[in-house]
Amino acid sequence: MKLVLLLTALMLAIGGVGFYIWRSAPEPQPCALKLVQVAFSRDGKTMAEAFELRCETSTAPQRGSVTTHVTLRRANAPEPARSDVFVANGAVPVQLSWEGAALQIASQVRPVAQESSWHGLAVRVKQR
């Protein structure tokens with residue numbers, strides 16, 4: 001019986017220390033989003049957005065990261081409905097344009113992630 005009480009007290013102490021460490025940890029900094037360009041399809045139903053996402057990290061030696069995203073969503077859809085179709089490391093200049101039902105993305109760098117279509121719309125990346 002004493003062993004059960006001792007183990008229960010030990011588990012409660014470990015849980016209390018873990019809870020204290022969790023509560024005293026600093027709040028994570030949110031990512032900052034900088035909208036660079038918006039382009040609507042010719043029929044106005046689809047919206048392409050290019051933006052830079054800056055996130056602070058606590059890992060050394062890199063003290064923060066920047067990625068460039070191009071997303072597509074229906075023009076009347078809320079922001080969380082965005083779908084990434086192009087992601088590149090760093091603050092990369094991109095140029096968005098529509099040619100018929102295809103989104104053209106002009107970029108100087110290779111993306112780390114890229115989609116070739118989204119809901120029946122073609123997505124094309126041109127290296128400048």
Side-chain angles (χ1 to χ4, degrees):
M1 184 67 172
K2 287 183 181 180
L3 180 62
V4 171
L5 289 175
L6 179 66
L7 289 175
T8 302
L10 181 62
M11 288 188 323
L12 287 173
I14 290 171
V17 169
F19 180 75
Y20 174 77
I21 291 171
W22 173 72
R23 291 292 294 166
S24 62
E27 288 291 320
Q29 297 298 316
C31 296
L33 187 141
K34 177 185 170 190
L35 189 61
V36 177
Q37 184 182 1
V38 175
F40 285 91
S41 62
R42 301 204 187 232
D43 62 5
K45 294 181 180 178
T46 306
M47 184 164 92
E49 297 170 295
F51 59 87
E52 293 174 5
L53 193 60
R54 295 180 181 275
C55 297
E56 295 297 321
T57 62
S58 60
T59 58
Q62 186 179 357
R63 297 295 295 175
S65 66
V66 179
T67 53
T68 299
H69 296 250
V70 175
T71 62
L72 285 172
R73 64 181 164 127
R74 298 288 177 214
N76 59 355
E79 285 185 10
R82 290 178 172 140
S83 295
D84 282 331
V85 294
F86 175 95
V87 179
N89 286 326
V92 177
V94 294
Q95 184 65 40
L96 306 178
S97 62
W98 288 90
E99 292 183 15
L103 173 65
Q104 303 288 328
I105 304 169
S107 172
Q108 296 176 347
V109 300
R110 289 188 99 97
V112 294
Q114 172 186 340
E115 296 293 331
S116 59
S117 66
W118 178 83
H119 291 273
L121 300 172
V123 178
R124 298 187 185 107
V125 177
K126 294 180 184 178
Q127 298 296 131
R128 291 192 255 175

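As the structure is a computational prediction, the values presented were derived from the model and not from experiment.
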Criterion side-chain contact (heavy atoms from CB on, under 4.5 Å) on V66 and L53, from CA distance to verdict: CA-CA 6 Å; V66 179; L53 193 60; over 6 Å; no

Measure the CG-OG distance between L103 and S117 for me, rounded to the nearest 0.5 Å. 12.0 Å

Around R74, counting heavy atoms of other residues, nucleotides and ligands shown, do more than 12 lie under 6.0 Å from its CZ? yes

Can you tell me how far apart CD (Q114) and CD1 (I105) are? Round to the nearest 0.5 Å. 7.0 Å

What's the shortest heavy-atom distance between G44 and A75, and which atoms? O-CB, 3.3 Å

Indicate if F51 and M47 have the same hydrophobic cluster label, given that clusters are the connected sets of ILVMFWY residues with side-chain heavy-atom separations under 4.5 angstrom. yes

List in chain and number order the residues that pass side-chain contact (heavy atoms from CB on, under 4.5 Å) with T8, two or more places apart in sequence or in another chain; answer none if no residue qualifies. V4, L12

For a quick test of reading the model, state the closest non-hydrogen atom pair linking V70 to A50 and the distance between them. CG2-CB, 4.2 Å

Taking all non-hydrogen atoms of both residues, which atom of A88 and which atom of V109 are closest, and how far apart? CB-CG2, 4.0 Å

ILVMFWY cluster, V38 and V123 together (side-chain gap under 4.5 Å): no

Report the residues that fulfil ring pair (Phe, Tyr, Trp, His ring centres under 6.0 Å) with F19, sequence neighbours left out, ordered by chain and then residue number. W22

Applying the 4.5 Å side-chain criterion to the ILVMFWY set and letting contacts propagate, would L35 and F86 be lumped into a single cluster? no

Pairs satisfying side-chain hydrogen bond (donor to acceptor under 3.5 Å, both in side chains), at least one member in residues 79-88, at least two apart: E49-R82, H69-D84, S83-W118

Smallest separation among heavy atoms of L72 and A48, with atom names: CD2-CB, 3.6 Å

Quick one: OG1 on T46 to CZ on R73, what's the gap to the nearest 0.5 Å? 11.0 Å

Non-hydrogen side-chain atoms of N89 and T67 separated by less than 4.5 Å: yes

For K2, what residues pass the salt bridge (Lys or Arg N to Asp or Glu O under 4.0 Å) criterion, not counting sequence neighbours? none

Residue pairs meeting side-chain hydrogen bond (donor to acceptor under 3.5 Å, both in side chains), one or both in residues 33-42, sequence neighbours left out, come to S41-D43

Mind checking whether W98 and L96 sit in one hydrophobic cluster, side chains of I, L, V, M, F, W, Y counted as touching below 4.5 Å? yes

Would you compute the distance between atom CD of Q127 and atom OG of S107 and round it to the nearest 0.5 angstrom? 6.0 Å

If the condition is side-chain contact (heavy atoms from CB on, under 4.5 Å), which residues does A101 pass it with, not counting sequence neighbours? L121

